[in-house]
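Just below is one structure, and these are the notes that go with it.
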Amino acid sequence: MACALGFYAHTGWAVVVAMTRDLAPIYRGRVELLEGADAGYGHVYHLAKDAGSPSAAEKKIAAAIAESTKRARTQIAALRKQLDPDVIACGVVLGNSRPLPSLEAILRSHAMIHTAEGVLYRNSLLEAARSEGLRAAGFSAAALAKHALRGRIDALRSRVGAPWNQDFRAAALAALLALSAESTGTRTA
């Protein structure tokens, strides 16, 4: 039996759900993408804004991308060893954003800083999954909210118990869609 991982990223961490094709969640948890994320260190672009120079900001962001991708890869590898079914795919819930502007433009806008941080962590998860040999796909949050399977995913709460909030449900649906042979509607962050 095969399964897929689904991720819903936050600032420096992500919710993860492993799902099988028969709508069975076999794992739920959290992965840390940057050390100290809960203490504010996950706010990479916020910290880069105060770095002092554009080159220092770029270095800070590049280091965070490398670290978050490495941590994601390590945790995906650990989940693959831990889970009994073969993990063959990964789905990541994406934001509904357009391509990012230049770093200079990002750092001038508080809203863009938040957007860029979301893109950073979603891309780290996708890159890590691909580097682990998984089929990886991103799915827009808006498309997932309207998907035909959404009601069945929501109804799993009575069977699996808490936590089964919006983040877990979206991650579960992303996992199921990544597991399917169809790749329509997928994109990277």
Side-chain angles (χ1 to χ4, degrees), residues 1-35 37-38 42 67-96 118-189:
M1 175 172 32
C3 76
L5 302 174
F7 291 96
Y8 189 103
H10 289 270
T11 304
W13 62 279
V15 162
V16 59
V17 177
M19 295 289 291
T20 62
R21 282 188 174 93
D22 61 355
L23 293 177
I26 58 172
Y27 178 86
R28 290 178 288 175
R30 173 180 164 139
V31 295
E32 301 297 323
L33 299 173
L34 277 183
E35 186 175 341
D38 287 338
E67 181 184 348
S68 65
T69 303
K70 179 181 176 185
R71 283 176 168 262
R73 186 172 184 184
T74 299
Q75 292 185 53
I76 288 170
L79 285 168
R80 291 182 81 183
K81 287 180 184 175
Q82 176 185 340
L83 298 173
D84 187 20
D86 290 333
V87 178
I88 64 168
C90 172
V92 176
V93 179
L94 303 179
N96 301 311
V119 169
L120 182 153
Y121 295 112
R122 292 186 294 264
N123 282 344
S124 290
L125 289 162
L126 287 166
E127 176 61 32
R130 288 182 186 117
S131 68
E132 282 297 305
L134 299 178
R135 186 174 64 237
F139 303 92
S140 84
L144 292 176
K146 299 174 186 175
H147 196 278
L149 284 175
R150 187 59 193 232
R152 292 181 66 192
I153 295 295
D154 292 350
L156 289 173
R157 187 180 194 296
S158 64
R159 191 171 83 198
V160 301
W164 199 245
N165 62 24
Q166 145 77 39
D167 297 357
F168 285 100
R169 294 188 312 258
L173 185 50
L176 281 174
L177 294 177
L179 193 54
S180 76
E182 298 173 357
S183 61
T184 59
T186 64
R187 61 182 175 94
T188 56

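- Rounding to the nearest 0.5 Å gives a distance of 4.5 Å between CG of Leu134 and CZ of Arg80.
- Looking at heavy atoms from C-beta onward, Leu126 lies out of side-chain contact with Phe7 at the 4.5 angstrom threshold.
- In this structure, Val16 and Gln75 have side chains that are not in contact, with every pair of non-hydrogen atoms separated by 4.5 Å or more.
- In this structure, the side chains of Arg135 and Cys90 stay at 4.5 Å or more apart for every pair of heavy atoms.
- When all heavy atoms of Arg73 and Ala128 are compared, the closest pair comes out as N-CB, 3.4 Å.
- You'll find the side chain of Trp164 reaches within 4.5 Å of the side chain of Pro25, heavy atoms only.
- Ile153 and Met19 get closest at one heavy-atom pair: CD1-CE, 4.2 Å.
- Here CZ of Arg169 is found 14.5 Å from CG of Leu149. Values are rounded to the nearest 0.5 Å.
- His147 places a side-chain heavy atom less than 4.5 Å from the side chain of Leu177.
- Closest approach of Ala37 and Thr11 over heavy atoms only: CB-O, 3.7 Å.
- Between Arg71 and Glu35 there is a salt bridge, with a side-chain nitrogen of the basic residue lying less than 4.0 Å from a carboxylate oxygen of the acidic one.
- Taking all atoms of both residues into account, the shortest heavy-atom contact from Ile88 to Arg21 is CD1-NH2, 4.1 Å.
- Minimum heavy-atom separation, Ser124 to Ala72: O-CB, 4.1 Å.
- Closest of all the heavy-atom pairs between Thr20 and Leu179 is C-CD2, 3.8 Å.
- The distance from atom CG of Leu176 to atom CZ of Arg152, rounded to the nearest 0.5 Å, is 9.0 Å.
- You'll find the side chain of Leu83 reaches within 4.5 Å of the side chain of Leu5, heavy atoms only.
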* **Check against side-chain contact (heavy atoms from CB on, under 4.5 Å), Leu125 and Leu33** => CA-CA 9 Å; Leu125 289 162; Leu33 299 173; 4.0 Å; yes

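- Rounding to the nearest 0.5 Å places CH2 of Trp13 at 13.5 Å from CG of Leu34.
- More than 12 heavy atoms of other residues, nucleotides or ligands lie within 6.0 Å of CG in Asp22, so this atom counts as buried by the packing criterion.
- In this structure, Leu79 and Tyr27 have side chains that are in contact, with non-hydrogen atoms separated by less than 4.5 Å.
- Salt bridge annotation for Arg130-Glu132: absent, with no cationic side-chain nitrogen under 4.0 angstrom from a carboxylate oxygen.
- The neighbour count for Arg30 CZ, taken as heavy atoms of other residues, nucleotides or ligands under 6.0 Å away, is above 12.
- Contact check for Val31 versus Ile76: no side-chain heavy atoms found under the 4.5 Å cut-off.
- We find the CZ-OG distance between Arg122 and Ser68 to be 12.5 Å, quoted to the nearest 0.5 Å.
- Ring pair Tyr8/His10 is tilted by interplanar angle, where 30° to 60° counts as tilted.
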